[in-house]
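Notes follow the structure.
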Amino acid sequence: MHRLFTLVPALALAACAAPSLAPEEDPMPTARFDYVELPATDIDATRAFYEQAFGWEMTGFGPDYAATITGDTDVGITSDAVEKPAAPLPAIRTDELEAVLESVIAAGGRLEKPIFAFPGGRRFEAVDPSGNRFAVYEPDAE
């Protein structure tokens, strides 16, 4: 705890020494995607799929909405004519790609693209019971 108190004044001093922004250079506010909402044709089947396939705990918010309440989300974009998805493609990170693939299939998911390598890791793409396409990826070991 003592080390934290010695670090805070040093950080405050460094912040004061940083160049100040001119009034016309307002900093951009922090904003990032941190939630992906998917349509469901059958809320119970789709909720059960994600709970069974990934072990997620979903909280019900009324009769037609459920969500996880954890984590953070990164955003990727592609303009590759062949690879770009027709709609947003949520990607789920794992450290056990083959095991998750088995779980997705066992839960009723439909495989769209089998496991393949990409720069930075491996992934597969599947579809949930409501027709939502998603990717599951395993990053390369660091």
Side-chain angles (χ1 to χ4, degrees), residues 1-12 14-16 18-142:
M1 188 74 130
H2 176 69
R3 293 174 67 163
L4 176 62
F5 290 121
T6 60
L7 180 60
V8 171
L11 291 174
C16 292
S20 64
L21 296 174
E24 65 274 4
E25 294 181 46
D26 289 335
M28 179 66 73
T30 301
R32 62 180 284 122
F33 286 112
D34 73 348
Y35 198 85
V36 175
E37 192 170 77
L38 301 172
T41 54
D42 180 333
I43 189 71
D44 294 328
T46 305
R47 177 180 179 174
F49 169 78
Y50 285 102
E51 289 177 336
Q52 182 182 343
F54 300 107
W56 294 348
E57 181 178 329
M58 298 193 85
T59 301
F61 293 96
D64 59 2
Y65 199 92
T68 60
I69 309 173
T70 61
D72 192 24
T73 303
D74 288 317
V75 177
I77 60 174
T78 181
S79 62
D80 183 290
V82 174
E83 295 298 323
K84 69 180 177 183
L89 180 70
I92 300 160
R93 181 181 175 145
T94 184
D95 292 329
E96 300 177 43
L97 194 62
E98 285 79 9
V100 172
L101 174 57
E102 289 178 24
S103 184
V104 165
I105 300 305
R110 185 177 77 242
L111 186 63
E112 289 290 306
K113 281 189 178 180
I115 294 174
F116 64 94
F118 66 93
R122 300 178 311 132
R123 79 183 211 185
F124 68 86
E125 294 177 16
V127 176
D128 74 16
S130 287
N132 297 300
R133 190 175 186 128
F134 61 91
V136 178
Y137 75 99
E138 180 179 73
D140 286 338
E142 294 181 20

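Nothing here was measured: the structure is a model prediction, and the numbers come from that model.
In this structure, R47 contributes its side chain and M58 its backbone to a donor-acceptor pair below 3.5 Å. Using a distance-only test at 3.5 Å, with no hydrogens or angles considered, a donor-acceptor pair links the side chain of N132 to the main chain of P39. Checking side-chain atoms of E138 against main-chain N and O of E96 turns up a donor-acceptor pair under 3.5 Å. In terms of modelled atom types and a separation under 3.5 Å, the side chain of S130 and the main chain of T41 share a donor-acceptor contact. Put simply, the side chain of S103 never gets that close to the backbone of A99: no donor and acceptor are under 3.5 Å apart.
Counting non-hydrogen atoms of other residues, nucleotides and ligands closer than 6.0 Å to CD of E112 gives a total above 12.
Here the side chains of L101 and V136 are not in contact, with every heavy-atom distance at 4.5 Å or above. For the pair F61 and I69, the minimum side-chain heavy-atom distance is below 4.5 Å. A 4.5 Å side-chain heavy-atom check between F124 and V100 finds at least one atom pair inside the cut-off. Side-chain contact between V104 and F134: present, with at least one pair of heavy atoms (C-beta onward) separated by less than 4.5 Å.
In this pair, Y50 and W56 present their aromatic rings parallel. The plane angle is below 30°, not in the 30 to 60° band.
Residues T94 and P139 share a closest heavy-atom pair of O-CD, 3.7 Å. Summarising the geometry of I115 relative to R122, their closest heavy-atom pair is CG2-NH1, 3.6 Å, with the distance given to 0.1 Å.
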**Stepwise side chain to side chain contact (heavy atoms under 4.5 Å, CB included) test for F116 and R123** = CA-CA 6 Å; F116 64 94; R123 79 183 211 185; 3.3 Å; yes
**Prompt:** Should Y137 and R93 be marked as a side chain to side chain contact (heavy atoms under 4.5 Å, CB included) after you check the CA-CA gap, both sets of side-chain angles, and the distance that decides it?
**Reply:** CA-CA 5 Å; Y137 75 99; R93 181 181 175 145; 3.5 Å; yes
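Between the CD1 atom in I105 and the CZ atom in R110 there is a gap of 10.0 Å [rounded to 0.5 Å].
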